Each structure stands twice: as structure tokens, then as C-alpha cells.
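Whatever order the structure lists them in is the order used to number ligands and atoms, beginning at 1. Just so you know, these numbers come straight off a predicted model, no measurement behind them.
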Amino acid sequence: MVKIALLGFGVVGSGTAEVLTENKKIIEERLGCAYEIKYILDLREFPDSPFGSLVVHDFNTILNDPEVTVVAEMMGGSHPAYDFTKACLMAGKNVVTSNKEVVSTFGVELCALAREHGVRYLFEASVGGGIPVIRPMINDLSSNKVAKISGILNGTTNYILTEMRDKGTPFSDVLKEAQRLGYAEANPSADVDGIDAARKIVILAALASGKLADPKTIPTEGITAISLTDTHVAAAFGFSMKLIGHAALTDGKLTAFVSPRMVPAVNPLSRIDGVFNGILVNANMVGEVMFYGPGAGKLPTASAVVADIIDIIANRDADPKPILWEAATDSDMADFAGYVCRRMWILKSGAEIPAALAFDDMKVVDDTVALLGAPCDEATAASIAKVLGESLLSVYRVLD
Ligand code: HSE
């Protein structure tokens, strides 16, 4: 009998208890092994929950119980989640997590600790909610060199952008609804400012490159400045506005950033709407593959947490396969000023267009003139933006 402890009984924690209980019979049949949830750590009491009797408030109860061999951390935030994870790994307990903040910040150390102590640290639920993407990247794409990853990695912002586009609902109203539905982070700034997507793209980039970049240092823009006019411009060109996490490995150098992008209709990411996430991976043998599914929410995310628990139980007698990451240094990173793409320039109507702004298409939308620019690098784009000054309302990278 494998004994499991859950750290955190919020949206994902309670979902995990539900999945482990509702599908217990079928999971145990597949595993050929019984399990039970022994403890749930939370500061609160849950007298009305069927799991209420499992709640403990002292982490040491779990840490010091040798019967507990699998711990699922779903607390969110860095502390005490990181500290508890570290203690569990050092005590020889396997840990699974949905916590992208901890994985993206402390992943190098925690993966190394797991290796050192002969246990596993798994984090399928940290990227893409319920979508299987981490394990396929580690296992099924392991014969490939991954060159590029582009993904819609945040369900909340994709839901907001979809509602703004389809219903013309203002940003703040849609955000409240996303919070009510349990998609948004406790502090929604992590969603709408692109921080959550930055954490996820560095995790995916690390799976591709072995180098974990600091999510706080990669260029990150969110969606708070996107106006309804910008979404109209996108529609006028047949594009969709999406918050995209992008990573590329070129000549051994890693590019990783998050920004809103205009996505042309030919790109399958343009058709991923609502809380769904989609991740396009370009790899040198398989070509392009796409991972798609619910990117947030209680049961989808819990499904991914339980997938990791099942993986650990199924392989409990095998030697753990380590994840080997190093912290990315400045010399591992490409110069972002050299990043080239097309851009959509949205100008006040009547604005003078500088000769340096080469463009392929122009449309008048609302009170603006929108130009679909030819490809240029970040440095050139910055100097064009300077020349345009106050005539420039916004500029968006196009995802080709
Ligand atoms: N707040 C996150 C999102 C939850 O909206 O995608 C899933 O990581």
C-alpha cells in the first residue's frame, strides 16, 4: 500500500483528492498496487469535506512518517512550498507538483536533490494544466533536438483575450469571471503580466536545452495594455491576439520570452480559444507536433498531478531516471536585440510613416492605421518606435 500526502487543499489539491478517490479502482487495477491518501496539509479545517479527517496542520507529521513515500505539493508560491519540497526529497520521499513558480525558480537544485536521494521530482501539472507535455517531451521526443517551442501557456489570459475578441467584454470583467472559475492565480498579476507564462516557457526550454533560465530575467510582457481596438486590428488582418511563450535554440544559444502576438489564421495556435492551451514544438526528427488541451482548472490540473503519482508508483522498483538541468548563464542566452519577426504597427490615423518602416499591408481600423510590417529585429523595431513617438499606439510581434 502506497501512502500519499497532499500539501495544499485549494483548487488543485482538492481536485487531486477527488481524482485519486473517484478513479481509485481503475487506477489501482492499472497499477496492480493499492494506495491511500494518508494526510492533507492545510492551514484550514474542512469539516464538510469527505477528506476533512485527513487534514493536518503540522508539516512534520508528514515529513517524519516513513510510511509516506509520495508527496504532492499543490500549495502555490515559493515559500513554504520550496522548503517543504526540499525537506521531503532529502528525507527520501518522491515529490510531484503543479507549482511552476517553484519548478522554474528552484528546479536545478530540486532535480539534483531528487537524484542525490534516489527519488523523483515530477512536475507534469506545472505546464499546460491537464495537457500531457512534460513527460512526452522527456520521453517521446528524447530522440530529437528541439529547435523551437511556441505556446499559449496561460489559460486565464487566453480566456480573457477570447472573451474580449468574441464578446467585446472589457478586460476587468472577464478577469473576474476567470477568477470565479478557478483559472487565475491567487494574485492575477502573475497571469495578466505574463509571469506565469514566463515560468512555464523556461521549464519547457529547460527540457529542450538542459538549461533553466531565470524566469525573472527573460523579456516578459502581459496583456493589460491590449485594447479592444487591437483585437479589431487583429481580426481585420485575419489574425488572433494571443499571449505566447516562445523559446528557440539557435547555434547553442537560447532565446526565451513572453509577449502578446498576432497569430495568423494558418498557425494552429490562432484557433486555440478560451482556457485551452496549445504548445507547438519543432524538433529535428519528428518535425512539428502540437500539444493541446485544458490549460487550467481543478480536475484537468489534478489529472496531471495524479499522472505523476501513478508514474512514481508504477516505477517504484526501478532506478529513478534523473532530470539533469543546469542554471542558464548569460553566455547560454541569445541576444534578444537580434530576434527577427514581422510586426503589426498600430498608428494614430494621419500619422506620418517613416521610410524605415517597410510594410506589406495597411488597413484603417477604428481610429487607427494598422501596418503589417516586414520582418525586422528588436533593435530596428525599437528605433522605428522612437521615430514614430506618440503616433504609435501599439506594436505587436506576429507569430509566423
Ligand atoms: N493561472 C494559470 C493559468 C493556472 O491560467 O493558466 C494554470 O497554470
Practice item. Report, as yes or no, whether the 6.0 Å neighbourhood of atom CG on L324 holds more than 12 heavy atoms from other residues, nucleotides or ligands. Key: yes
Practice item. Mind jotting down which residue pairs meet the side chain to side chain donor-acceptor pair (under 3.5 Å) criterion with at least one end in residues 340-362? Sequence neighbours excluded, please. Key: R342-D400, R343-E378
Check your understanding: What residues sit with at least one heavy atom under 4.0 Å from ligand 1?
Key -> K100, N154, G155, T156, Y183, A184, E185, D191, D196, K200, G295, A296
Review point. Is any side-chain N of the basic residue among E221 and R397 closer than 4.0 Å to the acidic one's carboxylate O?
Key: yes
**Study point:** Check: I195 main-chain N/O paired with D193 side-chain donor or acceptor under 3.5 Å
**Key:** no
Review point. Salt bridge check: are R120 and D311 linked by an N-O gap of less than 4.0 Å?
Key: yes
Review point. Between K200 and V127, is there a donor-acceptor pair closer than 3.5 Å when you use the side chain of the first and the backbone of the second?
Key: no
